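Worksheet for the structure shown next.
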2 protein chains.
Amino acid sequence: MVQISNDDEPKRRGRPRAYDPQAALLRAMDAFWKSGYSGTSLDDLSAATGMNRPSLYAAFGDKRSLYLKALAHYWQVALGAMHADLAENRPLADSLMRAYEGALAIYFSGEDRARGCFVVSTAVTEAVEDAEIREGLMTGFLAFDADFEARFRAAQRNGELRDDADPAALAVIATGVMHTIAIRARSGATRAALEELARKAVRALCG
Amino acid sequence: MVQISNDDEPKRRGRPRAYDPQAALLRAMDAFWKSGYSGTSLDDLSAATGMNRPSLYAAFGDKRSLYLKALAHYWQVALGAMHADLAENRPLADSLMRAYEGALAIYFSGEDRARGCFVVSTAVTEAVEDAEIREGLMTGFLAFDADFEARFRAAQRNGELRDDADPAALAVIATGVMHTIAIRARSGATRAALEELARKAVRALCG
DNA sequence: AGGATTTTATGCGAGATGGTACAAATATCG
DNA sequence: CGATATTTGTACCATCTCGCATAAAATCCT
């Protein structure tokens with residue numbers, strides 16, 4: 001029984017937790033990421049996190065609630081990474097490639113086989129029957145569009161991009177390239193092939 | 001389209017079927033389309049097709065086998081429609097818009113809420129754990145790319161497209177736009193918004 | 001030490017799930 | 001008509017599924 005040292009927490013009153021909630025959430029996310037929401041059972045989640053069912057339930061609520069927490073965490077990480085990759089001061093093509101490289105690092109982060117994007121691979125499936133997930137998806141995708149569009153506008157101001165280019169159009173195309181990379185990664189494309197795809201797309205978008 | 005022998009079959013020996021296999025397959029596809037592979041139970045499929053479980057099993061095999069048949073049918077229809085939309089003799093921009101309009105017609109074909117693309121919304125989720133599905137996905141996406149690329153090459157020969165454009169790059173971008181449309185349709189975007197997105201993207205691709 | 005508090009661990013229970021056995025039903029063939 | 005062939009419908013089985021009740025364990029407070 002390993003005691004998790006957590007210094008920033010004051011002293012808790014009862015029996016100490018045998019798990020780190022944040023780490024457990026990441027492991028649960030891995031399980032959902034691999035098999036999707038419906039394809040992941042509580043036993044799978046229990047095995048992945050090392051927590052038994054009552055502990056899982058006490059920490060995260062029911063299965064859907066745990067999934068929503070994992071989804072929210074993924075959105076935060078993905079949007080944060082994108083925003084950072086695009087914001088740094090680089091030539092436009094480098095910025096875009098940075099964003100796609102960052103995405104690929106996530107899509108191929110599984111220990112086993114490439115899992116693609118957590119959102120695209122698991123949440124989209126549930127979107128028809130779950131309004132909360134569905135609305136979160138639209139919000140997130142529009143945030144991607146907005147980040148790309150801002151980057152294209154900046155490039156236009158700097159003279160990196162033709163004046164007659166349409167930043168909004170290029171932005172949804174850039175998101176589209178991200179989506180097709182995510183889908184193809186899960187479909188067995190190699191990382192090298194997708195890097196090449198990204199390079200070609202960036203060249204076409206910036207040329 | 002291959003006509004499966006129906007009435008032209010001489011005479012079957014035993015009790016006649018109470019269902020049309022082709023229609024049942026379409027209804028089963030609808031059920032999977034809505035809830036995904038894991039999210040659809042045999043009871044759901046039984047209700048959707050009007051067939052009881054033993055009949056379902058006799059006609060299509062087990063659940064996975066039925067799903068694979070639905071997936072194969074969808075691929076055939078989707079690829080056929082794309083190929084036809086792109087092949088007809090039209091200006092490049094019209095061809096592309098035709099392809100996206102055709103896709104949107106499928107993505108919004110549900111009686112209830114938009115279901116997006118059957119492949120993207122259900123098969124991609126299963127791709128990690130099912131090699132057969134995964135390999136079919138890569139084959140299908142590359143077929144999309146190939147059709148788009150052929151169309152861009154033709155446009156280049158006709159002088160519709162700049163000589164320095166990269167048809168292969170434009171093709172994966174065009175597939176990417178298709179994918180992001182599919183994802184957004186299931187995520188609640190309106191059809192009008194996606195038509196506008198497609199128009200913008202086509203303008204950027206052909207300009 | 002002894003009570004209070006919180007977490008862990010076992011395991012139960014009601015229902016869903018995928019798949020099948022078996023007999024009744026409905027057709028053709030001889 | 002009776003034999004044969006095929007499908008249907010009911011009912012069933014073994015397993016999984018989610019969620020929770022309950023008691024034991026491990027810590028803090030007085």
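The structure displayed is predicted, hence computed values, not measured ones. Proteins come first, then strands; the chains are lettered A, B, ... in the order of their sequence lines, and each starts at number 1.
Straight-line distance from the CZ atom of A/R17 to the P atom of C/dA9: 14 Å, rounded to whole Å. The NZ atom of B/K63 sits 4 Å away from the P atom of C/dG18 (whole-angstrom rounding). As a whole-Å value, the separation of A/R15 CZ from D/dT27 C1' is 9 Å. Atom P of nucleotide C/dT7 and atom CZ of A/F60 are separated by 12 Å, given to the nearest angstrom.
The side chain to side chain contact (heavy atoms under 4.5 Å, CB included) test with A/L137 singles out one residue from A/D130, A/V124, A/V120, and that residue is A/V124.
Looking at heavy atoms from C-beta onward, A/L86 lies out of side-chain contact with A/F152 at the 4.5 angstrom threshold. B/L26 places a side-chain heavy atom less than 4.5 Å from the side chain of B/M29.
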Set out, in order, the CA-CA distance, both residues' side-chain angles and the distance that settles side-chain contact (heavy atoms from CB on, under 4.5 Å) for B/R64 and B/E126, then state yes or no. CA-CA 11 Å; B/R64 176 169 175 275; B/E126 308 303 317; over 6 Å; no

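The stretch residues 26-56 of chain B touches DNA chain D through B/N52, B/P54, B/S55, each having a heavy atom within less than 4.0 Å of the strand.
Inter-axis angle, ends of the helix from C/dA1-D/dT30 to C/dG30-D/dC1, five pairs per end, rounded to 10 degrees: 10°.
Ring geometry for B/F118 against B/W33 counts as perpendicular: the plane angle is over 60°, on a 0 to 90° scale with 30° as the lower cut. Using bins of under 30°, 30° to 60° and over 60° for the plane-to-plane angle, the ring pair A/F141/A/W75 lands in the perpendicular bin.
Counting non-hydrogen atoms under 4.0 angstrom, A/R13 reaches a base of the nucleic acid.
Between B/Y100 and B/Y107, the ring center distance fails the sub-6.0 Å criterion.
If B/G14 and B/Y19 are placed on DNA chain D by their nearest nucleotide, the residue sitting closer to the 5' end is B/G14.
Cation-pi check for A/K63 over A/Y37 is met; the charged atom lies under 6.0 angstrom from the ring centroid and within 45 degrees of its normal.
A sub-4.0 Å separation between OP1 or OP2 of C/dT20 and a side-chain N or O of B/Y57 is present.
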